[in-house]
**Q** 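Before I ask anything, let me first share the structure, which is written out below as structure tokens.
Note: hydrogens, waters and symmetry copies are ignored here, and every other heavy atom, side chains too, is used. In what follows, every chain begins at residue 1, and chains take the letters A, B, ... in the order their sequences are listed.
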Amino acid sequence: MPRETIAQFQIERLEILTPQGEVDAELLPALSDSQFLKLYELLQLTRIADGRALSLQREGRLGTFPSSLGQEASQVGSAFALTAKDWVFPSFRELGVFLSLEYPLSQYYRYWAGDERGMLCPAEMNIFPINIAVGTHLLHAAGVAMGAQYRADPVVAVPYLGDGGTSKGDFHEALNIAGLYRLPLVAICQNNQWAISVSRKSQTATETLAQKVVAFGIKGIQVDGNDVLAVYQATREALDRARNGGGATFIECDTYRMADHTTADDARRYRDSTELESWRDRDPLLRMRRFLEQRGLWDEAEQAALEQTQQQQVDQAVSEAEAMPAPTAEEMFRYTCHELSSRQQEQLKECSDGSP
Amino acid sequence: MPRETIAQFQIERLEILTPQGEVDAELLPALSDSQFLKLYELLQLTRIADGRALSLQREGRLGTFPSSLGQEASQVGSAFALTAKDWVFPSFRELGVFLSLEYPLSQYYRYWAGDERGMLCPAEMNIFPINIAVGTHLLHAAGVAMGAQYRADPVVAVPYLGDGGTSKGDFHEALNIAGLYRLPLVAICQNNQWAISVSRKSQTATETLAQKVVAFGIKGIQVDGNDVLAVYQATREALDRARNGGGATFIECDTYRMADHTTADDARRYRDSTELESWRDRDPLLRMRRFLEQRGLWDEAEQAALEQTQQQQVDQAVSEAEAMPAPTAEEMFRYTCHELSSRQQEQLKECSDGSP
Amino acid sequence: MAVLNLVQAINQGLQQALAEDDRVLVFGEDVAANGGVFRVTEGLHEQFGETRVFDTPLAESGIVGLAIGLSAYGLRPVAEIQFLGFAYSAIEQIYTHAARIRTRSRGRFSCPLVIRTPYGGGVKAPELHEESSEAFFCHMPGIKVVVPSTPSNAKGLLLAAIQDPDPVIYLEPTRLYRLIKEEVAEEPYLTPLGKARIAQAGDQLTIIAWGSMLERSLRAARNYPAEVIDLLTLSPFDRETILASVQKTGRLLIVQEAPKTGGFGAELAATVAEEGIMSLRAPIMRVTGYDVIPPLPLLADYNLPSEERIVNGIEELLRY
Amino acid sequence: MAVLNLVQAINQGLQQALAEDDRVLVFGEDVAANGGVFRVTEGLHEQFGETRVFDTPLAESGIVGLAIGLSAYGLRPVAEIQFLGFAYSAIEQIYTHAARIRTRSRGRFSCPLVIRTPYGGGVKAPELHEESSEAFFCHMPGIKVVVPSTPSNAKGLLLAAIQDPDPVIYLEPTRLYRLIKEEVAEEPYLTPLGKARIAQAGDQLTIIAWGSMLERSLRAARNYPAEVIDLLTLSPFDRETILASVQKTGRLLIVQEAPKTGGFGAELAATVAEEGIMSLRAPIMRVTGYDVIPPLPLLADYNLPSEERIVNGIEELLRY
Ligand SMILES: Cc1ncc(C[n+]2csc(CCOP(=O)(O)OP(=O)(O)O)c2C)c(N)n1
Ligand SMILES: Cc1ncc(C[n+]2csc(CCOP(=O)(O)OP(=O)(O)O)c2C)c(N)n1
Ligand SMILES: [Mg+2]
Ligand SMILES: [Mg+2]
């Protein structure tokens, strides 16, 4: 018996809603009609708020902005499954997550206008500030998960990352730690097929991203990331498992970045428009809308009304964001440590006396 | 079809020689009797040179030293499969690799006596200096492998690491890169069950270490690391695959650290003597010796003669090591960059004028 | 009062912090059953159990990142990095995150964590076990850097670091671990961060040192009218004590074990050259490690500033 | 001679290095089809193909580690880190390995590699995109640090860095990428490492700056009798040029964009306080970024040394 198989692994993919909005009744997550409607509203709100950000950026009213276009289902479906006590660790492209958790949109805009105050998370929620250093924040989620485990606090730590983030060393260190201590952590990976101009295939040789966590002894699954119900369901199961001591899960949401990487990018330089076009049919909003229509929950008029309300909601957020007074030099110093050093005090004085 | 299996993986284990030294003739690697003998001699030499290092350390003639005791088959079996052109990236516990590649033992001792010159690798071999920062050197192997691939040079890069090394982020970044570019790289992991006092089970939740490379789309295999023939065979196959464009392999050698972590450690503080005892039967030298005896290639007298020769060989290396003149202050500066800065020149002058 | 060495004093500090506050957790490589490779955490695992004192995988970025999450959650992690030379892979976690989470979240989250690590030369250890790269951390706004020099300040500074609301790098001079013993008060006490200590009073020359070089500077200075300042906290450093001393003595010698160029001694020299130059009657002098990779044991004594080099520096400055 | 900006000059340098020497490889995130996020590598992938110019996974430690192996093998890797703020996770590879492999192997192996990365503020970019942490790398024996300030020295220094037998960190001041244009000689040429440049002659005050602050210092100094030194290489830095200038002018102003404490300006100040203090007739002054986390765009202008702050410094020093 010189060569014996000593371990075996499978990776599964979950799909619930077809692009036509059809679904096998048995697979439907246990959600009420109003919850289905809420999911759709959030998808729609994400898209509208995202589109507005892009116009604001073009008008010079926001800085560089990363669009969520096409990824709404991955963001909304996962965030909708969370409780208010769970801790969320966003990457930088999670507008839909922020909105689903009712983070003030005005603050989100403010952040992308170049103001740190946009990431001052309201006390009633636990959303870590946007993380720019790709892949490094999974460790913070592991730490919070360990804290919750220590306190027997039924909280799950939920980091978001992209396909690119799976290549970083910290991804490995974090999920190995999560596996080892059976931490209550659910990592949501939006595999949008691109890391700026680097395609998923140029990122790693693996067939799936979900299989990467075979390296950590945790559960990995791939879901159709444009299917909000599948994303919700997978997240829900993973959260339950985490809360019940079953350890961490990695969810690969198979989706697509329909926009440029950010407003500073021009994706036509490196990707084929046919690829982009091929994903239009799988639009996450359309699919959910068809589902609602087929259940008799939605029609043109309701759509028009929703769009109008949401536009107003977004207008309101923009006004609030732009009404905020400018941050002061003092704020640049105040949060370095809990108190200023004597040198910082002098610097603050010089700085406040001078321009700009 | 909501849940579909989209990928499957198996991990195999290879064993050839039983602890009694028996082997199914069909499994025997294609080696000549003199090669079998050579393998045994190298195992034996490693053990003797290792034991000598431990006594030298006790006498204050070497600094802290990490023993290879128990891991000889993993080291010799893998190194024996290499060609002189292959590049080797040792960790810090690979005496058997250095000896198999005919690195001067005197230099090896010199290094552990605290002299960098011990790692000045002779021109006819490509052994990178000992790497202390665990897990970080796999990237250098990836770089050399990529260089060889670029030059169509039939060289394989062979990094050695321990079970502890698999937890580092660089392990992940390196093997993902190796997988992506199909690099000619064979990583030899000596899973000796301990990383100082941290057991294999406290290092990671996975059943095997070999499965970790499912994350990179490369081949992983576990071998009985105390079976020199199995280690040789697995390495040989992996090298052939690498040279033929088949990409990288990760070999987990399942072995045991029979000694303390280093001479500065006392393993009785943290591990059970019964575990240690349970591994004595699987001694890699005994197993190979029994195999040779059963083939009529070896007897007591030959054993005695070999031990005597090797003791002399080791004596000789010790004398040579200790006959080296002390390094000079100038050598501390000379290798920082290819030439000294003006400040370094002044410093060297001050330093040479002063003590010690 | 018991007479303790540095290892024992830090151990006692950790023990008391764990006993007093259930938010304190101690972890790192080999800190549990093994009690740390220098035995600094000896007995803590037995006393406080696996949830309070535990081993981690071999992953330094992981250890620090974990501490960040734990501290943001509300706990008080005390993480050990086995040697400073292995902290380099954790620099991103330290500077990108621990240092910035308060700023990034405008105060909503913060990182009251301590990273303990043995550092410095003179112990005849393998490569990367004798680094003294404190300067990296002193150039990171948001990070505090503390270096004890005696058993009693080691304990007080450690307890202060654990209570501090900000991330603190606590560097333990390996050479001193068992070199100095002194009486250490049994009960817990705090030695405030940010304050230097006059280790020897004098009026002709100011010597600034920290960690293992303090011990050596004191030896070198014992027969000279030198004021020896033990910096204790490198970031934020005690400018006032330094400037007051230099104003009195008019001469400044900085003793630093790290490579000269870009070391923390440069900041001290620059500060005095900016704010105290008018009282100087001699050039500032740095006695430092050379601009080389810290050598293996056989060359190590050439590099670490010796008592003789410090004495030479003192004599040279006193000639002005 | 064509008039080029910094991006174009570096691009031309890379193009010529690739054309001249088949050992040169260019890689990093988004450097291939995308031509780099600032277009510095534009056209190179098309011209030299996938084996010479290629994208890597998102793994900065990996990128540097790969470059180490490639250079040890005998090639001349030019690796890009997309922004300096993402190089922190590569510090272990840089300092533990690239800096030491020559020392560790006693010269058998070495690392002739270049790490290019955009750095510095003033471009209204997201968090971690405006770091200026050059001081970390200047405290690493075995590592050279180069900062171009104009299109023509950018090209010459790049080609010199690629030919240099040691690891070079080549920091590209992002703010200057498209700000300055000048004539750049078409053929390849070398600007020697380790040599500063007198960017403006003067005899009453010495200003030392590098990168983006050089441009600003020149603006500030244009109506003053100030000698402006463009450092160009930070490690090893050109002590001789600095000391000679200070000897002449007797006053020293250092302009640094990084946080003040522990920045590279401290080393320059310390060096002059040690070796040139006798010629000073005023305190040394540093005009720097503050000791804060580099802020997001709305606060960024408070932090980056402004022309006004530099002018204030000049005026203050000239009053001595
Ligand atoms: C550590 C790090 N390296 C590089 C960058 C620059 N960068 C910003 S986003 C990005 C690609 C990220 O790809 P992915 O993780 O797939 O997320 P996506 O942008 O697709 O949402 C890169 C390289 C960064 N922010 N962090
Ligand atoms: C990055 C790093 N962290 C910590 C250490 C200290 N250390 C030296 S060996 C070791 C354990 C290594 O375990 P493993 O990789 O299994 O190798 P083994 O010692 O068993 O051969 C540790 C923690 C180190 N050398 N490098
Ligand atoms: Mg992506
Ligand atoms: Mg081991």
**Q** Might you point out which heavy atoms bring A:Ala133 and C:Thr96 nearest each other, and give the distance in Å?
**A**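 Taking every non-hydrogen atom into account, CB-CG2, 3.9 Å.
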**Q** Distance check, rounded to the nearest 0.5 Å: C:Leu66 atom CG versus A:Leu183 atom CG?
**A**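 Between C:Leu66 CG and A:Leu183 CG, I get 7.5 Å after rounding to 0.5 Å.
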**Q** Would you indicate whether A:Gln345, at its atom CD, is surrounded by more than 12 heavy atoms from other residues, nucleotides or ligands within a distance under 6.0 Å?
**A**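 Yes, because the 6.0 Å sphere around CD of A:Gln345 holds more than 12 heavy atoms from other groups.
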**Q** Counting only heavy atoms closer than 4.5 Å, note whether C:Leu58 contacts chain A via side chain, backbone, both or neither.
**A**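 Neither part.
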**Q** Please determine, among A:Ile130, A:Asp153, A:Leu180, the option with the most heavy-atom pairs under 4.5 Å with chain C.
**A**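 Of A:Ile130, A:Asp153, A:Leu180, A:Asp153 has the most heavy-atom pairs under 4.5 Å with chain C.
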**Q** A:Leu138 versus chain C, heavy atoms under 4.5 Å apart: side chain, backbone, both or neither?
**A**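 For A:Leu138, neither part sits under 4.5 Å from chain C.
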**Q** Please report the interatomic distance OH(C:Tyr73) to CG(A:Asn126), rounded to the nearest 0.5 Å.
**A**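 One finds 9.0 Å between OH of C:Tyr73 and CG of A:Asn126.
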**Q** Side chain from CB out, backbone as N, CA, C, O: work out which of these in C:Arg100 comes under 4.5 Å of a heavy atom of chain A, or both, or neither.
**A**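 Neither part.
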**Q** For chain A, which candidate among C:Ile68, C:Asp164, C:Ile143 shows the most heavy-atom pairs at distances under 4.5 Å?
**A**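 Answer, by heavy-atom pair count under 4.5 Å with chain A: C:Ile68.
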**Q** Restricting to non-hydrogen atoms, name the atom on C:Glu240 and the atom on A:Ser342 that form the minimum distance, rounded to 0.1 Å.
**A**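 The answer is OE2-OG, 2.9 Å.
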**Q** So how far is it from A:Glu173 CD to C:Ile63 CD1, rounded to the nearest 0.5 Å?
**A**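 If we round to the nearest 0.5 Å, A:Glu173:CD and C:Ile63:CD1 are 8.5 Å apart.
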**Q** I'd like to verify something: which residue of C:Gly107, C:Gly74, C:Pro141, C:Pro165 has the highest number of heavy-atom pairs under 4.5 Å with chain A?
**A**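 If we count pairs closer than 4.5 Å to chain A, C:Pro165 comes out on top.
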**Q** Side chain, backbone, both or neither: which part of C:Ser89 has a heavy atom under 4.5 Å from chain A?
**A**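 The answer is neither part of C:Ser89.
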**Q** If every non-hydrogen atom of A:Pro122 is compared with every non-hydrogen atom of C:Arg108, which pair is closest and at what distance?
**A**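 Looking at all heavy atoms of both residues, the shortest contact is O-NH1, 2.8 Å.
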**Q** C:Ala99 versus chain A, heavy atoms under 4.5 Å apart: side chain, backbone, both or neither?
**A**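 Interface part for C:Ala99: backbone (N, CA, C, O).
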**Q** Quick one, C:Ser110 with A:His338, criterion side chain to side chain donor-acceptor pair (under 3.5 Å). Give me CA distance, side-chain angles, the key distance, then yes/no.
**A** CA-CA 9 Å; C:Ser110 62; A:His338 77 291; over 6 Å; no
**Q** Kindly give the heavy-atom pair with the smallest separation between A:Leu139 and C:Gly62, and that separation in Å.
**A**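 What the structure gives for the nearest pair is CD2-CA, 3.4 Å.
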**Q** Are any non-hydrogen side-chain atoms of A:Met119 and C:Thr103 less than 4.5 angstrom apart?
**A**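 No, too far: nothing below the 4.5 Å cut-off.
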**Q** Picking from A:Cys121, A:Ser341, A:Ala174, which has the most non-hydrogen pairs under 4.5 angstrom with chain C?
**A**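 Most heavy-atom pairs under 4.5 Å with chain C: A:Cys121.
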**Q** Is it the backbone or the side chain of C:Glu50 that comes under 4.5 Å from a heavy atom of chain A, or both, or neither?
**A**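 No part of it gets close to chain A.
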**Q** Can you give me the closest heavy-atom contact between C:Asp22 and A:Tyr150, atom names plus distance?
**A**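 Of all heavy-atom pairs spanning C:Asp22 and A:Tyr150, the closest is O-OH, 2.5 Å.
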**Q** Take a 6.0 Å sphere around CD of A:Glu346 and say whether it holds more than 12 heavy atoms from other residues, nucleotides or ligands.
**A**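 Enclosed.
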**Q** Under 4.5 Å from any heavy atom of chain A, what part of C:Ser71 do you find: side chain, backbone, both or neither?
**A**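 Neither part.
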**Q** When you check the side-chain N and O atoms of A:Tyr335 and C:Arg104, is any donor under 3.5 Å from an acceptor?
**A**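 Result is no, nothing qualifies.
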**Q** For chain C, find its close neighbours in residues 142-149 of chain A: heavy-atom separation under 4.5 Å, sorted by number, or none.
**A**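 Against chain C, the residues of residues 142-149 of chain A that fall inside the cut-off (heavy atoms, under 4.5 Å) are A:Ala142, A:Gly143, A:Val144, A:Met146, A:Gly147, A:Ala148.
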**Q** Is any side-chain heavy atom of C:Glu92 less than 4.5 Å from a side-chain heavy atom of A:Asp170?
**A**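 C:Glu92 reaches A:Asp170 side chain to side chain.
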**Q** Atom NE2 of A:His140 and atom SG of C:Cys111: how far apart are they, to the nearest 0.5 Å?
**A**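 One finds 7.5 Å between NE2 of A:His140 and SG of C:Cys111.
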**Q** How close do C:Glu267 and A:Arg343 get, heavy atom to heavy atom, and via which atoms?
**A**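 Distance-wise, the nearest heavy atoms are OE2-NH1, 2.7 Å.
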**Q** Is there any residue in residues 158-166 of chain A with a non-hydrogen atom under 4.5 Å from a non-hydrogen atom of chain C, and which ones are they?
**A**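 None at all.
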**Q** In terms of ring plane angle, is the pair C:Phe109 and A:Phe128 parallel, tilted or perpendicular, where the classes change at 30° and 60°?
**A**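 Plane angle between 30° and 60°, so tilted.
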**Q** Nearest 0.5 angstrom please: C:Arg106 CZ to A:Asp115 CG, how far?
**A**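 Those atoms lie 7.0 Å apart.
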**Q** Measure centre to centre between the rings of C:Phe54 and A:Tyr181, then say whether the value is under 6.0 Å.
**A**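 Yes - the distance between ring centres of C:Phe54 and A:Tyr181 falls below the 6.0 Å cut-off.
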**Q** With chain A, which of C:Ser235, C:Ala72, C:Pro236, C:Pro77 has the greatest number of heavy-atom pairs at distances under 4.5 Å?
**A**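 The answer is C:Ala72.
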**Q** Should we count CZ of A:Arg182 as having more than 12 external heavy atoms under 6.0 Å?
**A**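 Open: at most 12 neighbouring heavy atoms sit under 6.0 Å from CZ of A:Arg182.
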